[in-house]
Amino acid sequence: MLQQTLMIIAQTTAPAADPQNQPSPGGGGMMIGLILMIVVFYFVLFRGNRKQQQEKKNLLNNLAKNDKIMTIGGIIGTIVSVKDNEVVVRVDESNNTKMTFLKSSIQQVMNKADGSSTDTK
């Protein structure tokens, strides 16, 4: 039984021999389609990520005192000071409670001096 099954599989998966031993046409079109698909995936996946990374970098480089921000954890506050890799944020105006965050944890600048809102997701 197993031997018969293997014989059937071997017969159906064997390539058909071309009587003139010439390669079948149409392989080049398939290759061009594959290359085009790879190029499209590159632009969709990698190009979009690179653009988002550049926007995030610009956002973090332009942080300034008195900007209202939101962190990736959802904490909203006002920037008190900006250091190399850290930001001190006032989260409670009445008690003057301050917290220190890494710059990379800033998700959104809610209002700048010009009144705009910047969001990086």
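Since we're looking at a predicted model, the values are computed, not measured.
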**OP:** Apply side chain to side chain donor-acceptor pair (under 3.5 Å) to Asn95 and list each qualifying residue two or more places apart in sequence or on a separate chain.
**Re:** Asp92
Subject >> Least distance between heavy atoms, Leu59 atom then Ile106 atom >> reply: CD2-O, 4.3 Å
**OP:** Quick one: pull up NZ in Lys57 and CD in Gln54 and give me the separation to the nearest 0.5 Å.
**Re:** 5.5 Å
**OP:** Report the distance from atom CE of Met110 to atom CE of Met70, rounding to the nearest 0.5 Å.
**Re:** 6.0 Å
Subject >> Remaining members of hydrophobic cluster (4.5 Å side-chain criterion), Val80 >> reply: Val88
**OP:** Please examine the side chains of Phe101 and Ile75, heavy atoms only from C-beta on, and report whether any two atoms are closer than 4.5 Å.
**Re:** yes
Original post:
Under a 4.5 Å side-chain heavy-atom rule over Ile, Leu, Val, Met, Phe, Trp and Tyr, are Val82 and Met99 clustered together?
Top reply: yes
Original post:
If you look at every heavy atom in Glu93 and Thr78, which pair is closest and at what distance?
Top reply: OE2-OG1, 3.9 Å
Subject >> Pairwise side-chain contact, Arg90 with Asn96, heavy-atom cut-off 4.5 Å (strictly under) >> reply: yes
Original post:
Rounded to the nearest 0.5 Å, what separation is found between the NZ atom of Lys56 and the NZ atom of Lys103?
Top reply: 11.5 Å
Original post:
Going from CG on Asp67 to CG on Asn111, what distance comes out if it is rounded to the nearest 0.5 angstrom?
Top reply: 7.0 Å
Original post:
If you group Ile, Leu, Val, Met, Phe, Trp and Tyr by side-chain heavy-atom gaps below 4.5 Å, do Val91 and Leu102 land in one group?
Top reply: no
Original post:
Out of curiosity, Leu63 CG to Ile79 CD1, how far, rounded to the nearest 0.5 Å?
Top reply: 4.5 Å
